[in-house]
> 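Got a structure here, written out as structure tokens. Questions coming.
Every chain is numbered from 1 and lettered A, B, ... according to where its sequence line falls, protein lines coming before strand lines. Every heavy atom of this structure was used, including side-chain atoms; hydrogens, water molecules and symmetry mates were not.
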2 protein chains.
Amino acid sequence: MTEPALATLTRLRTACSQCNLRELCLPMGLSADELQTLDNLVSTRRKVRRGDSLFYGGEPFSALYAVRYGFFKSTLTSGDGREQVTGFYMAGELLGMDGIGGDRHTCTLTALEDSEVCVMPFARVEDLSRNFEPLQRHFHRVLSREIVRDQGVMMLLGSMRAEERLAAFLVNLSQRLTARGFSASEFVLRMTRDEIGSYLGMKLETVSRLFSRFQEDALIEVHQKHVRILDIGGLKRVMAQAQSAP
Amino acid sequence: MTEPALATLTRLRTACSQCNLRELCLPMGLSADELQTLDNLVSTRRKVRRGDSLFYGGEPFSALYAVRYGFFKSTLTSGDGREQVTGFYMAGELLGMDGIGGDRHTCTLTALEDSEVCVMPFARVEDLSRNFEPLQRHFHRVLSREIVRDQGVMMLLGSMRAEERLAAFLVNLSQRLTARGFSASEFVLRMTRDEIGSYLGMKLETVSRLFSRFQEDALIEVHQKHVRILDIGGLKRVMAQAQSAP
DNA sequence: CGTAATTTTGACTCCGCTCAATTGGCGTGG
DNA sequence: CCACGCCAATTGAGCGGAGTCAAAATTACG
């Protein structure tokens with residue numbers, strides 16, 4: 001194989017236009033030409049080992065990251081050292097948007113399994129956005145959806161009881177996995193009970209107890225990190241059980 | 001006064017370049033020329049009566065709004081009808097960013113006192129952003145800061161106790177009022193105990209009891225909606241009192 | 001000025017936390 | 001290959017913070 005041919009092959013393999021996740025990351029309905037203008041978005045890819053962090057709170061911000069494969073948690077550390085999990089991210093989702101506003105990251109992103117991300121230098125995102133309207137629209141949508149997602153979590157934490165929160169969490173996970181072509185009913189949790197608890201505003205013991213209760217009620221089957229959803233409708237009912245008026 | 005002169009005067013009065021809030025809304029450090037290119041951002045202004053809503057969850061999205069004066073709350077209603085306050089907004093802050101992602105608003109924005117907003121049709125925001133880099137940067141920052149703000153609330157709701165949350169709320173209010181040239185230590189709450197409680201994930205009775213407790217502890221003085229902060233340092237201490245180890 | 005809404009306060013209850021012991025999984029090294 | 005140790009998860013007992021229910025006080029508003 002000649003040198004140029006090899007180079008082309010490599011380029012193709014790291015090009016967004018050839019990526020099977022592009023429907024999750026990029027605007028849809030683009031022509032082949034248009035798609036190629038986006039191949040400049042990603043500068044490099046970066047592997048992150050399980051337990052390692054992509055970036056830390058306080059670090060200077062320079063790029064956004066798209067998850068290619070793997071699983072991440074984002075955590076926020078308060079002044080007095082308490083740590084709170086603020087989100088979980090999987091393939092096709094965008095990381096690092098917290099850093100735009102203040103030129104440094106506010107949260108830390110840690111891989112919960114061996115992962116890989118596409119590095120998108122933020123200057124390129126903005127440059128391409130100015131010259132290519134579909135990308136601009138798409139980028140704004142992604143930012144806005146992150147706001148909406150966070151508001152959903154606020155609703156969760158602010159007005160739901162522990163069992164409702166955990167049910168909502170499971171339903172959400174199931175939906176996101178489905179959208180990625182995984183089984184909707186059977187999966188492996190990548191996070192610990194403690195991390196789930198932190199995200200949902202409860203203690204790890206409460207998470208564990210609720211998993212057991214859901215199992216007794218034949219809503220799920222749990223063995224450690226393995227979860228099988230037996231009754232998604234039941235979970236949705238638990239999640240919406242407003243304490244009804246007389 | 002001639003007709004044209006009158007028209008000019010009116011235009012000047014609604015122009016961003018002449019607005020005394022522009023440091024809060026717009027990118028800083030622009031030349032007079034550059035500032036004028038932004039005068040097209042705002043199409044009209046809109047007054048909203050106390051109790052009325054600027055937009056409702058589910059309504060089609062078309063514009064962003066900058067608060068000129070007044071006070072708003074944003075609320076989210078879950079499937080089963082529970083309502084959660086997700087934020088409070090004052091002069092210079094931007095409303096409606098939740099609508100970008102799905103072309104309709106997800107939350108409802110309600111005025112808690114007679115208010116006025118500048119209407120910025122979103123298409124104009126995007127057009128101007130593409131052609132004017134400082135605006136693009138600024139807009140991205142504003143979106144990102146909203147994400148960071150929401151994550152702060154998640155931390156509040158997920159890992160702080162009721163008294164810590166209320167202290168944090170008061171400190172935050174005080175800081176935002178100060179940034180707008182109001183007194184840092186004395187102000188009138190525009191929202192009810194119920195709305196504070198919803199925002200902070202507690203019941204209105206708990207809010208009331210904590211206000212009383214803070215008063216006993218000489219941290220604040222409350223008479224209904226009037227609040228005077230006596231010991232901001234004390235409040236900050238309450239807000240960060242991690243349950244210390246032995 | 002009267003009625004409704006909001007706020008305060010008290011008494012009691014219960015959900016989720018704390019503390020503690022036990023079980024189960026998994027990687028490492030003998 | 002198994003034993004050991006470590007970490008995660010489960011489960012129990014008891015407690016306490018915040019919720020619920022209820023009534024009184026105060027204020028807002030038509």
Side-chain angles (χ1 to χ4, degrees), chain A residues 49-51 73 82 84-85 112-114 156-170 188-217 220-227 238 241-246, chain B residues 49-52 73 82 84-85 110 112-114 156-167 169 188-217 220-227 238 241-246:
Chain A
R49 277 288 167 62
R50 174 201 165 113
K73 69 168 175 180
R82 270 177 286 188
Q84 162 91 12
V85 174
L112 296 183
E113 61 180 353
D114 291 351
L156 203 88
L157 293 172
S159 70
M160 292 168 85
R161 291 153 5 91
E163 57 172 2
E164 303 175 290
R165 279 180 250 168
L166 189 62
F169 171 73
L170 288 171
V188 175
L189 297 173
R190 306 266 104 117
M191 68 295 274
T192 66
R193 301 287 189 266
D194 196 29
E195 287 160 339
I196 297 174
S198 173
Y199 180 60
L200 296 177
M202 62 185 91
K203 293 287 134 175
L204 68 101
E205 293 96 329
T206 305
V207 176
S208 180
R209 273 185 247 274
L210 289 174
F211 270 136
S212 302
R213 170 128 51 98
F214 285 174
Q215 185 161 238
E216 281 167 35
D217 298 349
I220 62 174
E221 223 176 85
V222 242
H223 296 103
Q224 306 288 130
K225 295 200 140 70
H226 269 83
V227 176
V238 168
Q241 79 195 188
Q243 38 280 22
S244 48
Chain B
R49 277 287 167 64
R50 175 204 165 112
D52 288 350
K73 68 167 176 181
R82 271 177 284 188
Q84 162 91 12
V85 174
T110 308
L112 295 182
E113 61 179 353
D114 291 349
L156 203 88
L157 292 172
S159 70
M160 292 169 83
R161 293 159 354 97
E163 58 174 1
E164 301 174 290
R165 280 179 251 166
L166 189 62
F169 171 74
V188 175
L189 297 173
R190 303 273 113 118
M191 68 297 273
T192 66
R193 301 289 188 264
D194 195 29
E195 286 160 341
I196 297 173
S198 172
Y199 180 61
L200 297 177
M202 61 185 90
K203 294 286 132 171
L204 68 102
E205 292 95 329
T206 305
V207 176
S208 179
R209 273 185 250 274
L210 288 174
F211 271 135
S212 301
R213 170 129 51 97
F214 285 174
Q215 185 161 241
E216 280 167 37
D217 298 349
I220 62 174
E221 223 176 83
V222 242
H223 295 103
Q224 305 289 132
K225 295 202 140 72
H226 269 84
V227 175
V238 168
Q241 79 194 186
Q243 37 279 23
S244 49

> Determine: side-chain N/O of B:K203 to OP1/OP2 of D:dG17, distance under 4.0 Å, yes or no.
no
> Taking the side chain of A:M202 as its heavy atoms from C-beta onward, which of D:dG17, D:dA8, C:dC17 lies nearest to it?
C:dC17
> From the set D:dA18, C:dT7, D:dA9, return the single nucleotide nearest to any side-chain atom of B:L204.
C:dT7
> Taking only N/O atoms, report every protein-nucleotides 19-27 of chain C pair under 3.5 Å with atom names and distance.
residue, atom, partner, partner atom, Å
C:dC19, N4, A:E205, OE2, 3.3

> Distance check needed: C:dC15 P versus A:R165 CZ, whole Å only.
14 Å
> Which listed nucleotide (C:dC17, C:dT7, D:dT10) is nearest to the side chain of B:R193?
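Side chain of B:R193 sits closest to C:dT7.
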> Whole Å only: how far is the NE2 atom of B:H223 from the P atom of D:dA28?
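The distance from NE2 of B:H223 to P of D:dA28 comes to 13 Å, rounded to the nearest Å.
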> Under the salt bridge (charged side-chain N to carboxylate O under 4.0 Å, His left out) test, which residues partner B:R190, sequence neighbours left out?
B:E113
> With a 4.5 Å cut-off on side-chain heavy atoms, are A:T192 and A:K225 touching?
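In contact.
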> Could you give the angle between the helix axes at the two ends of the helix from C:dC1-D:dG30 to C:dG30-D:dC1, with five pairs per end, rounded to 10 degrees?
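Rounded value for the end-axis angle: 50°.
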> What's the NE2-C1' distance between B:H226 and C:dT7, to the nearest Å?
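About 16 Å, once rounded to whole Å.
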> Restricting to non-hydrogen atoms, name the atom on B:D114 and the atom on B:R50 that form the minimum distance, rounded to 0.1 Å.
OD1-N, 2.8 Å
> What's the CG-C1' distance between B:D194 and C:dT7, to the nearest Å?
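Atom-to-atom, B:D194 to C:dT7, this comes out as 11 Å.
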> Write down the atom of B:L204, the atom of B:D194, and the distance for their closest heavy-atom approach.
CD2-OD1, 3.6 Å
> On the nucleotide C:dT8, are OP1 or OP2 found under 4.0 Å from the side-chain N or O atoms that B:S212 carries?
no
> Main chain of A:Q224, side chain of A:R193: is a donor-acceptor contact present, judged purely on distance under 3.5 Å?
yes
> Using a 4.0 Å heavy-atom cut-off, does B:G201 contact any base of the nucleic acid, only the sugar-phosphate backbone, or nothing at all?
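Sugar-phosphate, backbone atoms only, no base.
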> Could you pick out which residue, A:V207 or B:L210, lies toward the 5' side of DNA chain D when each is mapped onto its nearest nucleotide?
A:V207
> Can you name the nearest heavy-atom pair linking A:S198 to A:Q84, along with the distance?
O-NE2, 3.2 Å
> Return the value, rounded to whole Å, for the distance between atom CG of B:L112 and atom P of C:dT6.
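Atom CG in B:L112 sits about 12 Å away from atom P in C:dT6.
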> So what does B:S208 touch, heavy atoms closer than 4.0 Å: a base, only the sugar-phosphate, or nothing?
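Here B:S208 touches the bases of the nucleic acid.
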> Can you check the B:I220 CD1 to C:dT8 C1' distance for me, whole Å?
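From B:I220 CD1 to C:dT8 C1': 14 Å.
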> Which heavy atom of A:V238 sits nearest a heavy atom of A:E163, and at what distance?
CG1-O, 3.8 Å
> Check whether any side-chain nitrogen or oxygen of B:R50 sits under 4.0 Å from OP1 or OP2 of D:dC29, and answer yes or no.
yes
> On a heavy-atom basis, which atom in B:M202 and which in B:R165 lie closest, and how many Å separate them?
CE-CB, 3.9 Å
> Check the distance between D:dG17's P and B:L157's CG and give it to me in whole angstrom.
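Interatomic distance, CG of B:L157 to P of D:dG17: 20 Å.
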> Just the rounded figure in Å: distance from C1' of D:dA9 to CD1 of A:I196.
11 Å
> Measure across B:L166 and B:F214 and return the closest heavy-atom pair with its distance rounded to 0.1 Å.
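Smallest interatomic distance, heavy atoms only, reads CD2-CE1, 3.9 Å.
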> Would you indicate, yes or no, if D:dA28 has its OP1 or OP2 atom less than 4.0 angstrom from a side-chain nitrogen or oxygen of B:K225?
no
> What distance do A:E164 atom CD and A:L200 atom CG have between them, rounded to the nearest 0.5 Å?
12.0 Å
